[in-house]
Amino acid sequence: MLKRMRIPAAAAALALVAGTAGGQAIISNGTVKLGINAQGHLNNAGVGLRYITPAREYESTSDGCECEGWGVGVRSGGVVTSWGGANDAVGGVTNLTNIGFTSDASSATSTVRLTSGATLQISHEYKPSSVPNLYEVNITITNTGAATIDDVVYRRVMDWDIQPTAFSENVRISGWGATNLIGAGDNGFLSAQPLSMTGSVNGCTIAGSSAVCNGNFETSVSRDRGSFFDFSFGALAAGESRAFQTFYGAAGTLDGLLAALGSVGAEVYTAAWCAGGSSACSGKAGPGVFGYGFKGVGGTKPPELPGGPSVVPEPSTYALLATGLVGLVGISRRRRNVA
């Protein structure tokens, strides 16, 4: 569930000057390894999102294009008027000032603010999840100014480069219909700017893709794919915060990843797996299936996740079932009459 909080103005001002700038970290829970930059995005020292197996570690985002990042902006009248974000390969760090970065062997927290324009402070807290196949990221966006912001928008984007066949993946996106989700696709080469196609040559989906824009899909043709998500969280009053969760994860199979995402109540997610060119790549069965999920974005658990709602037949299906039952009753009556 989307959380709303209000912080005193004095505390908000103190948060802007506290902490140390700079920093980076490589963190691990023994199953998943992440390379975190000071601004809260991935891909540090060749480590993005990795799956640790007894044989080796499999990387998923740092090979080739280090295209992974996030952005926060303010939208007014349908237009993003001010934003800041970080994506090493597409635009770098834009309009962000570091407030603090702390880390240990298994966790890291980045706090930044927009340098100019909107009065927003953004925190990304990475920590081990309750399940070993996921890392939990608590994201908090705070309005540190004196006026209400019309609409806060957030983007997360990643280019999947999944070993052992980096640059050839298939992708699933699910959870479309969540209240706060306003854009999604398989193009991982976008900039961090919410709602923007900057940095893209193909728009919402990769050229020749079997993906769809702004809907649930699973691709069937391997390409160098990624995933992006745009969210709108509405108005944010002075001193108020919006908080939601995301989850980076990996498992040996798609079913294993979905079980992990289901156990934490993910509402929206992407899953990706290597798609060919190597005998070591067996698609949805590994050697590594990677994913990214969201919680607290106005959705419900998709039905394919363990613990999700049962799939309810469409009205036409009910009609067919009813017709079949009537037919069975008729047959039964005829048999009794014959007897």
Side-chain angles (χ1 to χ4, degrees), residues 26 32-37 41-53 55-70 86-92 133 135 155-174 183-192 196-213 217-229 248-254 256-257 269-293:
I26 295 176
V32 177
K33 179 182 287 186
L34 298 173
I36 314 296
N37 291 293
H41 58 304
L42 300 189
N43 296 327
N44 166 30
V47 178
L49 166 60
R50 290 191 177 186
Y51 178 45
I52 302 172
T53 74
R56 56 170 284 187
E57 296 180 4
Y58 289 93
E59 177 60 49
S60 68
T61 66
S62 72
D63 290 346
C65 174
E66 292 189 340
C67 303
E68 198 285 339
W70 64 272
N87 184 331
D88 280 352
V90 187
N133 293 95
Y135 249 92
R155 166 174 285 183
R156 198 84 199 202
V157 58
M158 66 282 293
D159 166 43
W160 294 115
D161 288 324
I162 297 175
Q163 297 175 348
T165 61
F167 322 128
S168 179
E169 302 89 23
N170 272 316
V171 168
R172 174 191 290 182
I173 285 179
S174 184
D186 76 332
N187 192 340
F189 300 104
L190 301 177
S191 79
S196 170
M197 294 294 111
T198 301
S200 164
V201 294
N202 300 313
C204 185
T205 62
I206 296 297
S209 173
S210 51
V212 298
C213 288
F217 64 84
E218 181 177 307
T219 63
S220 59
V221 180
S222 61
R223 293 281 193 278
D224 188 6
R225 300 184 185 279
S227 301
F228 81 90
F229 300 88
Y248 280 101
T253 64
L254 176 61
L257 178 66
Y269 74 89
T270 176
W273 50 90
C274 59
S278 169
S279 60
C281 176
S282 53
K284 298 179 186 180
V289 178
F290 296 83
Y292 188 53

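Note that these values count all heavy atoms, side chains included, but never hydrogens, waters or copies made by symmetry. Since we're looking at a predicted model, the values are computed, not measured.
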CA sep, side-chain torsions, deciding dist, call: N37, D88, side chain to side chain contact (heavy atoms under 4.5 Å, CB included): CA-CA 10 Å; N37 291 293; D88 280 352; 3.7 Å; yes
What's the shortest heavy-atom distance between [X] and [Y], and which atoms?
{"X": "L49", "Y": "T61", "result": "N-OG1, 3.4 Å"}
{"X": "A211", "Y": "T219", "result": "CB-CG2, 3.8 Å"}
{"X": "D224", "Y": "D159", "result": "OD1-OD1, 3.2 Å"}
{"X": "F229", "Y": "A184", "result": "CD2-CB, 4.1 Å"}
{"X": "R156", "Y": "H41", "result": "NH2-CA, 3.7 Å"}
{"X": "A192", "Y": "A86", "result": "CB-N, 3.9 Å"}

Side chain to side chain contact (heavy atoms under 4.5 Å, CB included), paired with V171, selected from T270, I162, I206: T270
Passing option when W160 is tested against F290, W273, F167 for side chain to side chain contact (heavy atoms under 4.5 Å, CB included): F290
Measure from the side-chain N and O atoms of [X] to the backbone N and O of [Y], and report whether any donor-acceptor pair falls under 3.5 Å.
{"X": "E59", "Y": "G48", "value": "yes"}
{"X": "R155", "Y": "G183", "value": "no"}
{"X": "N133", "Y": "A250", "value": "yes"}
{"X": "S227", "Y": "D186", "value": "no"}
{"X": "T253", "Y": "A285", "value": "no"}

Quick one, [X] and [Y] - any side-chain contact, counting heavy atoms below 4.5 Å?
{"X": "T205", "Y": "N187", "result": "no"}
{"X": "N87", "Y": "E68", "result": "no"}
{"X": "S168", "Y": "C281", "result": "no"}
{"X": "L254", "Y": "R172", "result": "yes"}
{"X": "I26", "Y": "L34", "result": "no"}
{"X": "C204", "Y": "F228", "result": "yes"}

Spacing of L42 atom CG and C67 atom SG [to the nearest 0.5 Å]: 12.5 Å
S62 vs D161, side chain to side chain contact (heavy atoms under 4.5 Å, CB included): CA-CA, chis, key distance, verdict: CA-CA 7 Å; S62 72; D161 288 324; over 6 Å; no
Side chain to side chain donor-acceptor pair (under 3.5 Å) between Q163 and R50, intermediate numbers included: CA-CA 10 Å; Q163 297 175 348; R50 290 191 177 186; over 6 Å; no
Y248/Y135 under ring-ring contact (aromatic ring centres under 6.0 Å, His included): CA gap, chis, key distance, verdict: CA-CA 5 Å; Y248 280 101; Y135 249 92; 8.9 Å; no
Evaluation steps, side chain to side chain contact (heavy atoms under 4.5 Å, CB included), between S200 and F189: CA-CA 6 Å; S200 164; F189 300 104; 5.9 Å; no
Derivation of the side chain to side chain contact (heavy atoms under 4.5 Å, CB included) call for M197 and N202: CA-CA 9 Å; M197 294 294 111; N202 300 313; over 6 Å; no
Ion pair R223/E169, N-O distance below 4.0 Å: no
Check: Y58 ring centre within less than 6.0 Å of Y51 ring centre: no
